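I'd like to ask you about the structure that follows.
Everything numeric here is computed off the predicted structure, so don't read it as measured data.
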Amino acid sequence: DNNLYGLWGDGWGWSESGTKNFMGLTRISGTPPGVSGTDIWSAKDQNRKPLGLVADGSNTIYIFFDTNADSRKGSYGGVSSDNGASWTFPSGAVFDKGTDGVKVVGIAQFGPGYTNLPSDVDSSYFYVYLSGRTSGKENTGQDVYLGRVLKASIFTRSAYEYYAGLDSSGNPVWASNWSSRAVVFQ
């Protein structure tokens with residue numbers, strides 16, 4: 001729809017007025033310096049904080065967030081099929097830092113509606129940045145890994161594959177086992 005969407009936390013959104021919200025979504029329109037924003041959704045419950053947002057080009061927006069309800073251990077998902085006006089939140093955490101040692105820290109962005117992927121990147125996947133533990137020691141925020149998942153399965157933990165390095169021809173290797181992952185950022 002040629003707009004930019006921003007997910008925010010602990011604030012009032014674009015309007016900077018009214019009740020402070022734990023998390024919200026703003027639609028940003030126009031061309032700098034003449035941009036305007038419209039707050040289209042906010043959450044006042046569960047002390048949610050945004051972790052990532054991605055849109056697929058068919059008016060569908062996916063978000064990841066954490067919540068104080070579980071001491072910020074989980075990465076939960078939400079989906080909107082009407083550009084953020086209403087949301088569905090599947091039950092349970094997609095990732096659980098306490099159980100499986102990983103948490104969402106962002107989503108790779110590839111232009112409007114995820115349509116500007118390089119030609120050698122498989123467009124049937126979303127690419128999600130994750131951080132986790134190494135040998136039982138907490139390293140969240142230090143090592144970052146890359147997971148990919150078929151778009152329709154973004155909230156299914158078992159559907160994820162993890163970047164495991166390059167093969168001898170320089171092509172990426174994807175593994176279904178988290179323990180095979182390779183660091184992409186430190």
Side-chain angles (χ1 to χ4, degrees), residues 1-68 72 75-90 94-95 103-131 140-141 144-156 159-161 163 172 183-186:
D1 70 354
N2 294 320
N3 292 301
L4 180 66
Y5 290 82
L7 187 62
W8 48 268
D10 274 345
W12 296 266
W14 193 274
S15 68
E16 297 187 45
S17 64
T19 304
K20 184 177 181 180
N21 292 290
F22 292 123
M23 186 170 70
L25 185 79
T26 299
R27 180 178 52 243
I28 304 167
S29 305
T31 303
V35 296
S36 62
T38 304
D39 298 324
I40 54 178
W41 173 82
S42 61
K44 298 175 178 73
D45 62 328
Q46 301 179 13
N47 199 7
R48 301 177 194 184
K49 301 294 185 258
L51 300 173
L53 170 148
V54 66
D56 74 357
S58 64
N59 299 325
T60 303
I61 299 173
Y62 303 89
I63 63 172
F64 281 101
F65 62 92
D66 66 11
T67 175
N68 213 23
R72 309 229 175 269
S75 298
Y76 297 85
V79 60
S80 170
S81 58
D82 56 8
N83 281 329
S86 61
W87 291 87
T88 301
F89 297 99
V94 179
F95 295 96
K103 186 173 179 178
V104 172
V105 293
I107 303 172
Q109 300 295 313
F110 291 105
Y114 223 70
T115 58
N116 294 335
L117 282 83
S119 60
D120 60 342
V121 175
D122 191 335
S123 64
S124 59
Y125 290 90
F126 284 131
Y127 295 83
V128 178
Y129 294 110
L130 306 154
S131 187
T140 300
V144 176
Y145 308 94
L146 183 63
R148 74 176 187 176
V149 64
L150 290 171
K151 292 177 180 178
S153 300
I154 190 168
F155 301 133
T156 305
Y160 277 74
E161 298 177 324
Y163 174 76
V183 173
V184 295
F185 298 115
Q186 284 187 313

Item to check | Nearest-0.5 Å distance that lies between atom CG in Asp10 and atom NZ in Lys20 | outcome: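 Rounded to the nearest 0.5 Å, the CG-NZ separation comes to 5.0 Å.
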Checklist entry - Hey, what do you get for CD1 (Ile28) to CG (Leu4), rounding to the nearest 0.5 Å? => result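 Those atoms lie 4.5 Å apart.
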Checklist entry - Would the Tyr160 and Phe95 ring centres measure less than 6.0 Å apart? => result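 Yes, ring centres under 6.0 Å apart.
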Checklist entry - Is it true that the side chains of Asn83 and Asp1 contain a donor and an acceptor less than 3.5 Å apart? => result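 There is such a pair between these side chains.
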Next on the checklist: Centroid separation under 6.0 Å, is that true for the rings of Phe155 and Phe64?
Outcome noted: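 Yes, the ring centres sit under 6.0 Å apart.
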Checklist entry - Just by modelled atom types, is the Ser36 backbone N or O under 3.5 Å from a matching donor or acceptor in the Trp14 side chain? => result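 No, the answer is negative, given that no donor and acceptor are paired below the 3.5 Å cut-off.
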Next on the checklist: Counting the benzene-type ring for Trp, do Phe185 and Tyr145 have ring centres under 6.0 Å apart?
Outcome noted: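 So the answer is no for these two rings.
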Next on the checklist: Restricting to non-hydrogen atoms, name the atom on Phe65 and the atom on Gly77 that form the minimum distance, rounded to 0.1 Å.
Outcome noted: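 Of all heavy-atom pairs spanning Phe65 and Gly77, the closest is CE2-O, 3.7 Å.
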Checklist entry - Got a second to check how far Ser80's OG is from Leu53's CG, nearest 0.5 Å? => result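 The OG atom of Ser80 sits 10.0 Å away from the CG atom of Leu53.
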Checklist entry - Under the side chain to side chain contact (heavy atoms under 4.5 Å, CB included) criterion, do Val104 and Val94 qualify, and how do the steps go? => result CA-CA 9 Å; Val104 172; Val94 179; over 6 Å; no
Checklist entry - What orientation do Trp41 and Trp87 show, parallel under 30°, tilted 30 to 60°, or perpendicular over 60°? => result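 Ring orientation of Trp41 relative to Trp87: tilted.
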Checklist entry - Ignoring hydrogens and geometry, is there a side-chain-to-backbone donor-acceptor pair from Lys103 to Arg72 under 3.5 Å? => result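 Side chain of Lys103 to backbone of Arg72: a pair is present.
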Next on the checklist: Is it the case that the ring center of Phe126 lies less than 6.0 angstrom away from the ring center of Tyr62?
Outcome noted: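 Distance test on ring centres: under 6.0 Å, yes.
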Item to check | Tyr76 and Arg48, any side-chain heavy atoms less than 4.5 Å apart | outcome: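 The answer is no; the side chains never approach within 4.5 Å.
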Next on the checklist: To the nearest 0.5 Å, what is the distance between CG on Leu25 and CD1 on Ile40?
Outcome noted: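 So the gap between those two atoms works out to 4.5 Å.
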Checklist entry - With no hydrogens and no angle check, do the side chains of Thr67 and Asn47 hold a donor and an acceptor under 3.5 Å apart? => result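 Distance-only check fails for Thr67 and Asn47.
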Checklist entry - Does some side-chain heavy atom of Leu130 sit less than 4.5 Å from a side-chain heavy atom of Leu146? => result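 No - every pair of side-chain heavy atoms lies 4.5 Å or more apart.
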Item to check | Sidechain-backbone polar pair: Ser153 side chain, Ala159 backbone, donor-acceptor under 3.5 Å | outcome: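 Answer holds: no.
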Item to check | Distance-only donor-acceptor check, side chains Thr26 and Trp8, under 3.5 Å | outcome: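 Distance-only check passes for Thr26 and Trp8.
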Item to check | Euclidean distance, Ser29 OG relative to Asn3 CG, rounded to 0.5 Å | outcome: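 One finds 3.5 Å between CG of Asn3 and OG of Ser29.
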Next on the checklist: Between Leu117 and Tyr127, is there a side-chain heavy-atom distance shorter than 4.5 Å?
Outcome noted: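 Tyr127 reaches Leu117 side chain to side chain.
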Item to check | Heavy-atom closest pair, residues Gly52 and Ile107 | outcome: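 It is C-CD1, 3.8 Å.
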Checklist entry - Quick one: does Asp82's side chain have a donor or acceptor within less than 3.5 Å of a partner on Ala85's backbone? => result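 Answer holds: yes.
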Item to check | Stepwise side chain to side chain contact (heavy atoms under 4.5 Å, CB included) check, Tyr125 with Glu161 | outcome: CA-CA 10 Å; Tyr125 290 90; Glu161 298 177 324; 3.9 Å; yes
Checklist entry - How would you list all residue pairs meeting side chain to side chain donor-acceptor pair (under 3.5 Å) that involve residues 106-122, not counting sequence neighbours? => result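 Matches after skipping sequence neighbours: Asp122-Ser124.
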Item to check | Donor-acceptor contact below 3.5 Å, side chain Asp66 vs main chain Leu51 | outcome: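 Absent.
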